Q: 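Mind having a look at this structure? Questions to follow.
What you see is a predicted model, and the numbers here were worked out from it, not measured in a lab.
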Amino acid sequence: MFSQPVALVAAILSFSSLVAGRHTTAPVKFHRNFDSTCSSIASKLSIPNATVLLSELVSKGTNLTFSQDPLCVNPQLSPPSLVIPADVCRIVLTVQTSDRSGINMETWLPRNWTGRFMSTGNGGNGGCIQYADVTYGSALGFATVGTKYSGQGGMSGERFLNNSDVLKDFVFRGIHTGVVVGKDVTKTFYGSAHTKSYYIGCSTDGRQGLKSVQDFPEDFDGVMVGAAMNQWGNLIDSYSHIYNITGSPDAATFVPAEVWQNVISPDIMKKCDTIDKVKDGVIEDPNLCNYDPSGLICSSSGSGNNSSCITAEQAETVKRIFSPFFIGNKFIQSRFTPGAESTLPALSFLLAGDVFGLSADWFKYIVYSDPNLDVKTLGPADWLKNIELDPFNISTFSGDISAFRNRGGKLLAYHGQGDAIISPNNSVIYYNHVSDTLGLSRSQMDGFYRVFRVGGLNHCSQGPGAWNVGQGLFGDTTPGSDYLDPEKNILMATVRWVEEGTAPDTILGTKFINDTNSLGVKLSRRHCMYPFRNTYDGVGDSTKPESWSCQPVSDW
Ligand SMILES: *[C@@H]1O[C@H](CO)[C@@H](O)[C@H](O)[C@H]1NC(C)=O
Ligand SMILES: *[C@@H]1O[C@H](CO)[C@@H](O)[C@H](O)[C@H]1NC(C)=O
Ligand SMILES: *[C@@H]1O[C@H](CO)[C@@H](O)[C@H](O)[C@H]1NC(C)=O
Ligand SMILES: *[C@@H]1O[C@H](CO)[C@@H](O)[C@H](O)[C@H]1NC(C)=O
Ligand SMILES: *[C@@H]1O[C@H](CO)[C@@H](O)[C@H](O)[C@H]1NC(C)=O
Ligand SMILES: *[C@@H]1O[C@H](CO)[C@@H](O)[C@H](O)[C@H]1NC(C)=O
Ligand SMILES: *[C@@H]1O[C@H](CO)[C@@H](O)[C@H](O)[C@H]1NC(C)=O
Ligand SMILES: *[C@@H]1O[C@H](CO)[C@@H](O)[C@H](O)[C@H]1NC(C)=O
Ligand SMILES: *[C@@H]1O[C@H](CO)[C@@H](O)[C@H](O)[C@H]1NC(C)=O
Ligand SMILES: *[C@@H]1O[C@H](CO)[C@@H](O)[C@H](O)[C@H]1NC(C)=O
């Protein structure tokens, strides 16, 4: 996950009454000695390598300030402070994982506990606890953990340099350790073990969730992942490759942000917005948009820096960006998603004329262990080397998830169709890989693994469409009374699937006016599960879910 310049999610109101809401509720388990147990928990725990740094009661309404690495502060995921919506016992621990690595973790135990356990993950290079997710889970009645691996530096990859144990924590050991320890703390605290265990996360966190499904199938009963960054090496390569296409801002091939925003994006919308028969700024299915920028080439010699046209060299850049990335005959990564080119992550990270930091750090600190590496000169040999290296199997692309399936685990994935950072095709590729590996038909897959293609959602949050599906705290500023409705809340849909056996066929997304709940709903739309396509009926009000249906697609 990467920060986006939206207002800090300030008002997280009144979740507390919702824990006992109408839907998918578990009886709340009251703890007679909640307060005293919270203050004395350190003396009751005996967990190898773990040290309790703090245990404190945080009452509903407290404006809690987090002391954390300044580089971790991110308005949505790790804000500097949050108003806590429900009483929790907050326990901060460190756990040594090797003689040169360890994790910091927080376990937030709600007073109103549903018996459920949850782990959250880390974004980007992952050195931060995502307090927004921990707050979200605990406010909904889950005993919730957040884990970060040791070392300073926020999202920087520097701490991986010459320390494969820190890298190992990042790839899989950190989250797994946090889960094992977190479940232990939960059991000691409440005096009984959790009933069901869940995971939520998007992006790098999504990859971490899939890692658990693949290698630690006992950790979770329900895993909800967004825009999972598996095929990690391929994606890291693709960011380097995008730089190779655009060049630096002074190159003739470079396309300035204003030109993407003012010339190219409007042209893409002109050609692709109405493929779904609705002109609403949402390209419902970008797979249908085969964009050709040739029509924008200046008739006379322009500078490629004005509001009406682009040079032939820039058009070539645009074409290459929107083409799949191959090295020789080897498919590396899907094309960049048309419609996502003017989103903030695209313009500030990928198309800005420098190598995206996530990729630059990976090559410097892991692939070449050389902080002075000139990442602008990387090419095919380096990209192939990176994929080959795949430390600790960070690619997270094992198709055999039968152990998870056999124990009744449910995997619910979603992916924004306007995602600039990770192509929505990636979620489909992994789904098909699992289906091929296990030799399962679609209906067999439906029994434990579903992928929702969310039109009008960017990377994990925000977007022009009905992007709010309850994927996290940032997904809603002021939750309404139906916030826990599993029809609309993808986390609660996961819970319902695990606990009641009712699988979601669609997820009803909401777009609030100015993304503010209190201003009312701008549009709502049901998002379809792969391989169906959301299809407008051509006559009804397109902002209403009834006017759309999920149709089978023959052109996958
Ligand atoms: C716990 O739930 C009860 C009702 O089940 C509710 O009255 C109370 O406000 C909740 N407390 C907190 C701290 O959320
Ligand atoms: C919480 O405290 C921080 C700093 O202490 C402050 O900046 C923030 O505005 C406060 N939030 C609210 C909602 O009062
Ligand atoms: C405890 O830490 C040591 C190194 O300090 C490590 O070798 C061992 O695996 C750790 N044990 C657990 C249970 O994490
Ligand atoms: C990292 O290890 C490499 C050799 O593997 C060595 O050349 C380099 O000096 C080390 N860097 C640091 C900062 O320790
Ligand atoms: C892209 O790669 C090619 C071949 O490796 C190289 O010649 C070219 O200079 C690179 N472009 C940029 C902008 O670095
Ligand atoms: C943009 O370039 C076109 C083609 O070269 C030219 O006709 C037009 O005057 C330029 N517009 C501006 C604002 O520079
Ligand atoms: C485009 O124009 C802007 C100002 O209008 C300038 O800052 C920028 O450097 C120019 N870019 C190119 C590639 O000429
Ligand atoms: C999606 O991935 C497949 C490979 O599985 C590839 O052939 C196809 O071109 C990709 N689609 C897009 C839109 O990039
Ligand atoms: C990576 O996965 C493969 C196949 O599952 C396994 O054989 C190998 O040991 C794993 N490597 C590491 C470093 O975990
Ligand atoms: C939504 O935001 C826009 C731009 O900031 C503003 O002009 C408009 O009044 C807002 N709409 C409402 C209903 O507040």
Q: Applying salt bridge (Lys or Arg N to Asp or Glu O under 4.0 Å), which residue pairs with at least one partner in residues 73-83 are found, sequence neighbours left out?
A: none
Q: Suppose the criterion is salt bridge (Lys or Arg N to Asp or Glu O under 4.0 Å): which pairs have a residue in residues 37-59, not counting sequence neighbours?
A: Glu56-Arg90
Q: Treating Ser40 as the side-chain partner and Ser36 as the backbone partner, does any N or O pair qualify as donor plus acceptor under 3.5 Å?
A: yes
Q: How are the rings of Tyr430 and His433 set to each other: parallel, tilted or perpendicular (split at 30° and 60°)?
A: tilted
Q: Taking atom types as modelled, find out whether Asp400 and Ser402 have a side-chain donor-acceptor pair closer than 3.5 angstrom.
A: yes
Q: Please report the interatomic distance OH(Tyr190) to CH2(Trp113), rounded to the nearest 0.5 Å.
A: 6.0 Å
Q: Donor-acceptor pair, distance only, cut-off 3.5 Å: does the side chain of Arg407 make one with the backbone of Pro217?
A: yes
Q: Under 6.0 Å from the ring centre and within 45 degrees of the ring axis: does the NZ or CZ of Arg525 meet both conditions for the six-membered ring of Trp467?
A: no
Q: Measure from NZ or CZ of Arg111 to the centre of the six-membered ring of Phe189, then state whether that distance is under 6.0 Å and the direction lies within 45° of the axis.
A: no
Q: State whether Phe448 and Arg405 meet the cation-pi test: NZ (Lys) or CZ (Arg) under 6.0 Å from the six-membered ring centroid, and within 45° of the perpendicular axis.
A: yes
Q: Return the OG to CD1 distance between Ser359 and Ile236, rounded to the nearest 0.5 Å.
A: 5.0 Å
Q: Which residue pairs pass the salt bridge (Lys or Arg N to Asp or Glu O under 4.0 Å) test when at least one of the two sits in residues 179-197, sequence neighbours left out?
A: none
Q: Do Gln130 and Asn122 pair up side chain to side chain, a donor and an acceptor below 3.5 Å, judged on atom types alone?
A: no
